[in-house]
Each structure stands twice: as C-alpha cells, then as structure tokens.
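As structure tokens, the structure follows; a few thoughts come after it.
In this text the structure is predicted, and so the values were computed from the model without any measurement. Chain letters run A, B, ... following the sequence lines, proteins first and then strands; every chain starts at 1.
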Protein chains: 2
Amino acid sequence: MVENKKNRRRGDQLQNDIYQAAYNLLKKEGYTNLTFSKIAKAAQTSRSVIYRYWDTPFDLVFEMIHNQMKDSGQIANTNLNGKNLQENLFIIGKSLTTGFNIVLTEFNKMMLSEMIEQPQKIHKLFDEINTGNLQIIDAALQMAIDNKEIKFMPSQQVRLSLFHLIRYSYVIENHNLDDAQLLELINEIVLPAIVASQK
Amino acid sequence: MVENKKNRRRGDQLQNDIYQAAYNLLKKEGYTNLTFSKIAKAAQTSRSVIYRYWDTPFDLVFEMIHNQMKDSGQIANTNLNGKNLQENLFIIGKSLTTGFNIVLTEFNKMMLSEMIEQPQKIHKLFDEINTGNLQIIDAALQMAIDNKEIKFMPSQQVRLSLFHLIRYSYVIENHNLDDAQLLELINEIVLPAIVASQK
DNA sequence: ATAAATAAGATACTTTGAGTATCTTATTGA
DNA sequence: TCAATAAGATACTCAAAGTATCTTATTTAT
C-alpha cells in the first residue's frame, strides 16, 4: 500500500500536530533556535500554513502553553490531604516542582526575553499564575484557620513567597528543589513568615 | 573644517564605543532585536571588526556587563551604617533595587533565554552574584551578632532570601519594589526567617 | 450529487542578518 | 622607517522572515 500524499490535516488536528512539532523542537533546541521553517518541516506542513495561524514563534508557543494548561488543569486541583499546614505547604510546593518540565522552563525564559515586546500579554499571564497560586495556598491557609493552627490570613507577599522562591530557583537558577530543600524552604522561611504574621 | 574620515579608533576606545552602541540598542529594542549589523552601524564601524572581538551578541553584552560591573564595583562596598539589622537589611535591599537598570534587566532576560545554550557561563555568573550577595549580608549579620541582636548565622537559603525575592520581583515580574514594599518584605519574611533560625 | 467556499499546501520573491573570507589601509612600535 | 598589527570595506553563501500568488483537497450548503 502506497501512502496517499494528498491527505490533508485540517483545523484542530493540524494545529495540534504543529504544537507537537514546536514542543519537540523547543525541548531539543530551545526558544532561541525556534523558527517557523523548522516547525513547518517537523510538522510536515508548509510555512504558509503556520503563518495563517500565528504571527511569530512566540505567539505559537504562547498559545500552545495556554492550550496545554487548559487541558492539564494545573495545580489548582491539588488534593490538600496533609495533616497540618506544614504538610499541605509541602504538597503544594511538590506539585509545583513536579509540574515543571523543560518546555515550561523554556516558556518562562521565552516570556522573559520577550517582555520588552509583549509586556501586556506577559503581565496578564503572571496575574493568572498568581491568582491560581493564591487560590491553592488560601485553601490550605483556610484549613489551618479552621484547625486553629493560625488565626488569620497573612499578607499577599507572604502567601506568594513559597511560589516565588521555588520559581526563582527553577526559572532563574535553573535548579529544581529536591524534597529536602523544599522542606527547608517551608520550615525556615515560609512558615516563620506565616507565624510572624499572626502577631 | 571637514572631518577626516580616515581616523581610526582602536583597542579599548573602539571596544567601549561598541559597548556604548550595544547598550543603547539593548535599552531601546531589547536583546531579541540586537544584531551585529545594527551594533556596527550604530558604532560607525564594520561588522568584521565586531566579529574579531566577539562571536555573538550574547558574548558582547555578557562582557559589556562584566566590564560595567568591574567599574561600578556593585553593591559589595555598600556602607552598612544602619542602627540595627533591620535598617541594614533595608540599606542592602535598597542598594540592590536602585542598582537595577533597564540594561541589567535586559541582561538578566538575555541570560535566561540563553541558558540552554550557555549553561556554564551563566551558572558561573550566578555563583558570582550569590557570592557577592552573601558577602554583604554576612557583614550585616555579623554586625548583628556583635550587637547581640542574633546569636548565629542563619542557613544560606535564609541569607539569600532577601536577594532572591527582590530579584524575582524585578526580573520575573518586571516590577521594582518601592520602599514600602521592600520594608514589608524585610519585616514580614526575611526578619522572621532570621529570628526563627535562632531557635 | 454537485457546486461553491474554505483551508492546506506549494512555490517564488525580497530582505535581513549570520558567518566567513579576502583585501586595503591607517596606526603603532620596534 | 619599515614591519607588524588592527581597522575597515567588500563580497559571497546560507538561513530564515515576511509576503504574495497559485493550485488543489476537503468541507459545506444547496
């Protein structure tokens, strides 16, 4: 059976194949080397098709990640079944660090390098991320309030510190915290800040 | 008086002029749009001259920043004349935030976007930065020990938290902390972590 | 069932910059 | 003052951006 060269993918299927090709290239060669030409070749389509959907590789990857987030649901539905606040913070931190992958890292770097040109888009995305992060940590803190571990909500800066420090390590220093380091971070910085906020 | 087209800059002067041109372009258009062609045109020299000194725009800017750091001496010589640990932490944080400028920001983003291709160089630089940061905060903490404010040095993670959180805000969220936010960061996170480390 | 609309895919062209190589010429310093 | 060195000009190939035009497979509506 000879393959029929005339089969044409369309719409969502075509877009997903292109995303997949871009994903693999991003993983292999990084954002700097990502071009429409390479993506088209990898996805076995034409450059003109890609131009019809996206203006730049940035737009393509941006929408790819957004798409991916929609499907995977992010950490928002993490199951907070720790027996106290410390354990729930660990669960949250852990789900953040394991959620990292090379494409998200490349995406982070890409966003930073494009910040000067796409500030609106990127600020909006960080707002989305912070909102999601606050949702999950606020759930953990509310449980701690219900359990009388703490009395009231700390400031936003304190509530986001866990995420910011993990993300600093991962995005900027290119290092994913192991369990011991995550625990250290929680015990030495995040929990003391929460405790101090209660006075 | 007609200008003499045959005057040739050389060595350090030429390099500094090229750095200056690159600096202005970086500030105006960001790292993504920085090309040897544009730099050469802006510096009124030839592309081949630039290739003789650097392999890529990344290398050029990397060395430019290193050069600039050498001259300005960084925050290492900050004068810690606060009357207690809290004031000295504020002085340190302040000198970090005021030391930021658009070129350093672009540089940070550039480094992140090149991390996949230049990991050695960049890890080395982050080590340098952390070492410098530890030097200055350790000086402040040693003064606090001498004054009996604290008894011993906190862990490295705690000592670097001030820098990491400031840098997170600046590099990743593109937002420079004002005095009130810096003070909040110190009072709500850094100092509680230091205090907790004393038990 | 077929025609019209739509989207995929091929191709061609211009422009820009990377990277390399070669040449001339200004400047330095032995 | 002459040889060595570095600046600067120029020319070439290649890859990719961006745009435009054309054909053709597939879908949709009649």
**Study point:** Candidate list B:Leu85, B:Asn187, B:Ile186, test side chain to side chain contact (heavy atoms under 4.5 Å, CB included), partner B:Phe90, passing option
**Key:** B:Ile186
Review point. How are the rings of A:Tyr168 and B:His164 set to each other: parallel, tilted or perpendicular (split at 30° and 60°)?
Key: parallel
Exercise for review: Quickly work out the B:Glu29 CD to C:dT16 P distance and round it to whole Å.
Suggested key: 14 Å
Review point. Rounded to whole angstroms, how far apart are NZ on B:Lys38 and C1' on C:dG17?
Key: 10 Å
Review point. Taking atom P of C:dA18 as reference, at what distance in whole Å does atom CZ of B:Phe58 sit?
Key: 16 Å
Restricting to nitrogen or oxygen on both sides, can you table the protein-nucleotides 5-7 of chain C pairs closer than 3.5 Å?
residue : atom : partner : partner atom : Å
C:dT6   : O2   : A:Arg10 : NH2          : 3.4
C:dA7   : O4'  : A:Arg10 : NH2          : 3.4

Exercise for review: Considering just the side-chain nitrogens and oxygens of A:Asn7, establish if one lies under 4.0 Å of OP1 or OP2 belonging to C:dA8.
Suggested key: no
Point to revise | Side-chain donor-acceptor contact under 3.5 Å, A:Ser46 with A:Ser48 | key: yes
Practice item. Go through the steps to decide whether A:Gln142 and A:Asp146 satisfy the test side chain to side chain donor-acceptor pair (under 3.5 Å), and finish with yes or no. Key: CA-CA 6 Å; A:Gln142 188 55 54; A:Asp146 295 345; 3.2 Å; yes
Exercise for review: Compute whether any side-chain donor of one residue and acceptor of the other, for B:Arg167 and B:Asn133, lie under 3.5 angstrom apart.
Suggested key: yes
Review point. Touch check for A:Tyr51, heavy atoms < 4.0 angstrom, all strands: base, sugar-phosphate only, or nothing?
Key: base
**Study point:** Same apolar cluster: B:Leu185 and B:Leu191, side chain cutoff 4.5 Å
**Key:** yes
Review point. In whole angstrom, what separates B:Ile50's CD1 from C:dG19's C1'?
Key: 14 Å
**Study point:** Any pair counted as side chain to side chain donor-acceptor pair (under 3.5 Å), so long as it reaches residues 188-199 of chain A, sequence neighbours left out
**Key:** A:Glu188-B:Ser155
Review point. When the distance from NZ of B:Lys41 to C1' of C:dG17 is rounded to whole Å, what number comes out?
Key: 11 Å
Check your understanding: Starting at the 5' end of DNA chain C, what dot-bracket string do you get if Watson-Crick and G-U pairs under 3.5 Å are bracketed, crossing pairs use [ ], other-strand pairs use | and unpaired bases use dots?
Key -> ||||||||||||||||||||||||||||||
Practice item. Using atom CG of B:Asn33 as one end and atom P of D:dG18 as the other, report the distance to the nearest whole Å. Key: 10 Å
**Study point:** Chi angles and distances behind the side chain to side chain donor-acceptor pair (under 3.5 Å) call for A:Asn130, B:Glu173
**Key:** CA-CA 10 Å; A:Asn130 278 336; B:Glu173 299 203 325; 2.9 Å; yes
Check your understanding: Do any side-chain nitrogens or oxygens of B:Thr35 fall under 4.0 Å of OP1 or OP2 in C:dT16?
Key -> no
Check your understanding: When we call it a touch if two heavy atoms are under 4.0 Å apart, what does B:Thr45 touch: a base, just sugar-phosphate, or nothing?
Key -> sugar-phosphate
Practice item. Mind checking B:Ser48 for me? I need base, sugar-phosphate or nothing, with any heavy atom below 4.0 Å counting as a touch. Key: base
Check your understanding: Whole-Å distance between C:dT27 C1' and B:Gln13 CD?
Key -> 13 Å
Review point. Should the heavy atoms of other residues, nucleotides or ligands under 6.0 Å from CG of B:Asp12 be counted, would the total exceed 12?
Key: no
Point to revise | Between D:dA15 (C1') and A:Leu34 (CG): distance, integer Å | key: 15 Å
Study note, to complete from the structure: B:Arg47 has its side chain closest, among C:dA18, D:dA17, D:dA9, to C:dA18
